[in-house]
*Asks:* 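Structure below; questions to follow.
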Amino acid sequence: MTKWSEMQAWLFPQRWFRENLKLGEGGEEGLDNDIARATYERTGASVMGRRMLDAGELAWPEEAPFHTPVFVVTHASREPWERPGGTTFHFVDDGVAEALDRAREAAGDLDVRIAPRAEIIQQHLDGGLIDEFSITLAPVLFGTGIRLFDRVDPDRLALEQTRTDASSRVTHLTYTVAKR
């Protein structure tokens, strides 16, 4: 959790993030704040893996930070878990494609956010399920773990960088995904 906290440290002082989590008023404004707010404003649903949910259950406040439906890819079926503030976790045990289909339906015209776990992102990329994605790159060295593009077939997919925004803490990268 220490490395994860370091990686997310750019977000914690942002005004929008502090207000969204009801951590108090005030905070930093600027590029990072604007990108965080815009990301959440255009998100209508999220997809995440079970491990992220398990970690988040311990760290999130009672009013989970999503305020949208969240579809959790898992191997064990479970009834939806409704939280105050508009977040309901739906448990999908038949794969990432089904979770994404359900999230797209729930999101309507808004985006679906795929939460930051390498395995879930890899499955979506390798399955040809993503047409655009953004990464916020923080200068934190983990030393071990799963590299984001490890299991993605480079002979099937190509990335085109469409946007780069850098602050003093992180670099926000946006890519479109094309089939080769």
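Model, not experiment: these values are computed from the prediction. Heavy-atom basis, side chains included; hydrogens, waters and symmetry copies ignored.
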*Asks:* If only atom types and distance count, is the side chain of Gln122 paired as donor or acceptor with the main-chain N or O of Arg147 below 3.5 Å?
*Replies:* yes
*Asks:* For Ser168, give me all partners under side-chain hydrogen bond (donor to acceptor under 3.5 Å, both in side chains), at least two apart in sequence or on another chain.
*Replies:* none
*Asks:* Regarding Arg78 and the six-membered ring of Trp81, is the cationic atom NZ or CZ under 6.0 Å from the ring centre and inside 45° of its axis?
*Replies:* yes
*Asks:* Between Ile120 and Met52, is there shared hydrophobic-cluster membership here, with clusters defined by ILVMFWY side-chain heavy atoms closer than 4.5 Å?
*Replies:* no
*Asks:* Could you tell me whether a side-chain N or O of Asp131 sits under 3.5 Å from a main-chain N or O of Thr176, the two making a donor and an acceptor?
*Replies:* no
*Asks:* Could you pull out all donor-acceptor pairs under 3.5 Å where a side-chain atom in residues 103-111 meets a protein atom, sequence neighbours excluded?
*Replies:*
{"from": "Arg104", "atom 1": "NH2", "to": "Leu129", "atom 2": "O", "distance (Å)": "2.8"}
{"from": "Asp111", "atom 1": "OD2", "to": "Arg42", "atom 2": "NE", "distance (Å)": "2.9"}

*Asks:* Under a single-linkage definition using a 4.5 Å side-chain heavy-atom cutoff for Ile, Leu, Val, Met, Phe, Trp and Tyr, are Trp10 and Tyr40 assigned to the same hydrophobic cluster?
*Replies:* yes
*Asks:* Should side-chain heavy atoms under 4.5 Å link Ile, Leu, Val, Met, Phe, Trp and Tyr, which residues sit in the same cluster as Ile146?
*Replies:* none
*Asks:* For the pair Thr87 (side chain) and Arg83 (backbone), establish whether a donor and an acceptor sit closer than 3.5 Å, ignoring hydrogens and angles.
*Replies:* no
*Asks:* For the residue pair Phe12 and Phe17, does the interplanar ring angle fall in the parallel (under 30°), tilted (30 to 60°) or perpendicular (over 60°) class?
*Replies:* tilted
*Asks:* Could you label the plane-to-plane angle of the Phe133 and Phe149 rings as parallel, tilted or perpendicular, counting under 30° as parallel and over 60° as perpendicular?
*Replies:* tilted
*Asks:* Would you indicate whether Arg180, at its atom CZ, is surrounded by more than 12 heavy atoms from other residues, nucleotides or ligands within a distance under 6.0 Å?
*Replies:* yes
